[in-house]
*Asks:* 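Structure incoming, see below.
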Amino acid sequence: MRIDIATLFPDMCEAVLSESIIGRARKAGLLEVYCHNIRDYTQDKHRRVDDTPYGGGMGMVMQADPIFRCYQAVCEKLPQRPRVIYLSPQGKVLTQRMAVEYSKEEYLFLLCGHYEGVDERVLEEIVDEELSIGDYVLTGGELPALVFVDTVGRLCEGVLADASCFMEESHFDGLLEYPQFTKPAVWHGREVPAVLLSGHHANIKSWRREQSVQRTRQKRPDLWEKTEKKG
């Protein structure tokens, strides 16, 4: 998979995406992520990429042309058009199910807005869908883009040691993950559940499933209701 990020703050993105699991995956060639500075594609001698909004109002609006030029430059390097996603509070909220679907794509282009937003015309020209990470507003699309890359990238083949690393996690099957424990067996008087020390794999699997159900009911009744409806 290759993900291209169009942003005004490529260093901010690189700082995060060069670390931890995603950073190692990039170094190993398991995942390609490129951060493009939209300012490099403006024809303004002062490298401006924004202007005042037509109709008046507060703040500045990102111009269409530098974004489109950035998109064109990326497309020229690819064998096919990428799926283009604009990170926006107006988009659908990212879910684990959606992340799984995105992980099957070969090429993704993420557009990070800033200021008061982006000229609507370039969104109409190149964007396939808008995506949000929650019902709140941030100062820019960089943090959502980083969340997207981490969420989707870790599902790509070889990035994690085994598929079971994410198949048993919260949200993968509609339930929250069961509680986890490690050594020592007793800490501050709190003991690890005996079933986890039993070595009986069937019992452990059953216990974990029960715990997932209980946690989902208690912590996220909205998720439990959806899971029950699906049967």
Side-chain angles (χ1 to χ4, degrees), residues 1-18 22-23 25-27 29 31-92 94 98-99 101-133 137-153 156:
M1 168 181 278
R2 170 171 169 154
I3 302 176
D4 289 272
I5 303 174
T7 171
L8 296 179
F9 301 97
D11 292 343
M12 171 184 174
C13 296
E14 282 289 352
V16 175
L17 298 175
S18 297
I22 298 300
R26 292 177 73 189
K27 289 178 183 177
L31 178 67
E32 292 183 79
V33 184
Y34 300 95
C35 303
H36 308 274
N37 191 338
I38 296 172
R39 294 187 188 279
D40 293 340
Y41 298 90
T42 181
Q43 294 183 306
D44 182 87
K45 65 180 181 181
H46 301 296
R47 286 168 58 85
R48 284 188 58 182
V49 295
D50 63 324
D51 212 324
T52 54
Y54 281 123
M58 298 291 293
M60 306 290 278
V61 176
M62 290 178 66
Q63 296 170 310
D65 201 56
I67 293 171
F68 185 71
R69 288 176 178 276
C70 179
Y71 164 76
Q72 279 188 315
V74 170
C75 286
E76 289 173 0
K77 300 176 183 178
L78 304 178
Q80 65 187 59
R81 181 185 180 280
R83 187 171 177 177
V84 181
I85 299 168
Y86 174 47
L87 286 312
S88 162
Q90 297 185 25
K92 293 181 179 178
L94 179 65
M98 292 166 65
E101 291 304 311
Y102 284 126
S103 71
K104 299 174 184 176
E105 296 284 341
E106 287 190 70
Y107 305 103
L108 292 167
F109 182 93
L110 307 182
L111 172 58
C112 301
H114 211 67
Y115 309 122
E116 290 303 309
V118 172
D119 189 311
E120 187 70 19
R121 292 168 293 184
V122 74
L123 301 182
E124 295 172 351
E125 184 85 9
I126 69 171
V127 170
D128 296 306
E129 62 214 89
E130 297 186 23
L131 195 67
S132 169
I133 60 168
V137 179
L138 299 168
T139 56
E142 284 73 24
L143 291 176
L146 295 173
V147 169
F148 180 93
V149 174
D150 192 276
T151 303
V152 174
C156 294

*Asks:* Would you please name every residue forming a side-chain contact (heavy atoms from CB on, under 4.5 Å) with E106, sequence neighbours left out?
*Replies:*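 For E106 the side-chain contact (heavy atoms from CB on, under 4.5 Å) partners, ignoring immediate neighbours, are Q80.
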*Asks:* Keeping to residues at least two apart or across chains, list the side chain to side chain donor-acceptor pair (under 3.5 Å) pairs with something in residues 35-44.
*Replies:*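 Of all non-adjacent pairs touching residues 35-44, those that pass side chain to side chain donor-acceptor pair (under 3.5 Å) are D4-H36, R39-Y115, D40-R47, Q43-R69.
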*Asks:* Side chains of T151 and I133: closer than 4.5 Å at any heavy-atom pair?
*Replies:*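 Of all side-chain heavy-atom pairs linking I133 with T151, none is under 4.5 Å.
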*Asks:* Could I get the full list of salt bridge (charged side-chain N to carboxylate O under 4.0 Å, His left out) partners for D150, not counting sequence neighbours?
*Replies:*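 Applying salt bridge (charged side-chain N to carboxylate O under 4.0 Å, His left out) to D150 gives none.
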*Asks:* Could you state the interatomic distance from CD1 (I126) to SG (C75), rounded to the nearest 0.5 Å?
*Replies:*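 These two atoms lie 8.0 Å from each other.
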*Asks:* What side-chain donor-acceptor pairs closer than 3.5 Å can you find for residues 50-63, not counting sequence neighbours?
*Replies:*
none

*Asks:* Strictly distance-based, threshold 3.5 Å: is any side-chain N or O of H114 a donor or acceptor partner for the main-chain N or O of T139?
*Replies:*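 The answer is yes, because a donor-acceptor pair under 3.5 Å joins these two groups.
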*Asks:* For E129, check side chain to side chain donor-acceptor pair (under 3.5 Å) against everything at least two apart and list the hits.
*Replies:*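 Only R83, Y102 meet the side chain to side chain donor-acceptor pair (under 3.5 Å) criterion with E129.
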*Asks:* Can you name the ring-ring contact (aromatic ring centres under 6.0 Å, His included) partners of Y86, sequence neighbours left out?
*Replies:*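 In terms of ring-ring contact (aromatic ring centres under 6.0 Å, His included), with neighbours along the sequence ignored, Y86 is linked to no residue.
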*Asks:* Taking atom CZ of R121 as the centre, does the number of heavy atoms from other residues, nucleotides or ligands within less than 6.0 Å exceed 12?
*Replies:*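 No, CZ of R121 has 12 or fewer neighbouring heavy atoms, counting only those of other groups under 6.0 Å.
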*Asks:* If you take all heavy atoms of C112 and I38, which pair is closest and at what distance?
*Replies:*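 Closest approach of C112 to I38: O-CD1, 4.4 Å.
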*Asks:* Which residues pass the side-chain contact (heavy atoms from CB on, under 4.5 Å) test with L143, sequence neighbours left out?
*Replies:*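 Once residues adjacent in sequence are excluded, the partners of L143 under the side-chain contact (heavy atoms from CB on, under 4.5 Å) criterion are M12, L138, L146.
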*Asks:* Report yes or no: does R26 contribute a side-chain atom to a donor-acceptor pair with the main-chain N or O of L17 at less than 3.5 Å?
*Replies:*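 Flag set: sc R26 to bb L17 pair under 3.5 Å.
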*Asks:* Only counting residues at least two apart or in another chain, list the ones meeting side chain to side chain donor-acceptor pair (under 3.5 Å) with E32.
*Replies:*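 With neighbours one apart ignored, the set is Y34.
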*Asks:* Work out which heavy atom in C13 is nearest to a heavy atom in E142; give both atom names and the distance.
*Replies:*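 In terms of heavy atoms, the two residues are closest at SG-CG, 3.9 Å.
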*Asks:* Tell me, please, which residues at least two apart from K104 pass side chain to side chain donor-acceptor pair (under 3.5 Å).
*Replies:*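 Residues passing side chain to side chain donor-acceptor pair (under 3.5 Å) with K104: E101.
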*Asks:* What pairs with Y107 under ring-ring contact (aromatic ring centres under 6.0 Å, His included), at least two apart in sequence or on another chain?
*Replies:*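 ring-ring contact (aromatic ring centres under 6.0 Å, His included) list for Y107, sorted by chain: empty.
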*Asks:* Who are the side chain to side chain donor-acceptor pair (under 3.5 Å) partners of S132, not counting sequence neighbours?
*Replies:*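 Expected list: none.
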*Asks:* More than 12 heavy atoms of other residues, nucleotides or ligands under 6.0 Å from CD of Q72: is that the case?
*Replies:*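 Count over threshold, so yes.
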*Asks:* Kindly compute the distance separating CZ (F148) from CD1 (I85), expressed to the nearest 0.5 Å.
*Replies:*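 With rounding to 0.5 Å, CZ (F148) is 4.0 Å from CD1 (I85).
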*Asks:* For V118 versus G113, what's the shortest heavy-atom pair and its separation?
*Replies:*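 Closest pair (atom of V118, atom of G113, distance): CG2-CA, 3.9 Å.
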*Asks:* Sequence neighbours left out, what passes side-chain contact (heavy atoms from CB on, under 4.5 Å) with Q90? Give chain and number order.
*Replies:*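 Scan of Q90 (side-chain contact (heavy atoms from CB on, under 4.5 Å), adjacent residues dropped) gives S88, E130.
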*Asks:* What distance do L111 atom CG and I5 atom CD1 have between them, rounded to the nearest 0.5 Å?
*Replies:*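 Reported to 0.5 Å precision, the distance equals 11.0 Å.
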*Asks:* Between atom CG of L108 and atom CZ of R2, what is the distance when rounded to the nearest 0.5 Å?
*Replies:*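 Here the interatomic distance stands at 11.5 Å.
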*Asks:* Can you name the nearest heavy-atom pair linking A64 to D119, along with the distance?
*Replies:*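 A64 and D119 have their closest heavy atoms at N-CB, 3.9 Å.
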*Asks:* About how many Å separate CD1 of I67 and CG of L123, when rounded to the nearest 0.5 Å?
*Replies:*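 It is 7.0 Å, given to the nearest 0.5 Å.
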*Asks:* If you round to the nearest 0.5 Å, how far is CD1 of I3 from SG of C156?
*Replies:*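 Between atom SG of C156 and atom CD1 of I3 there are 6.5 Å.
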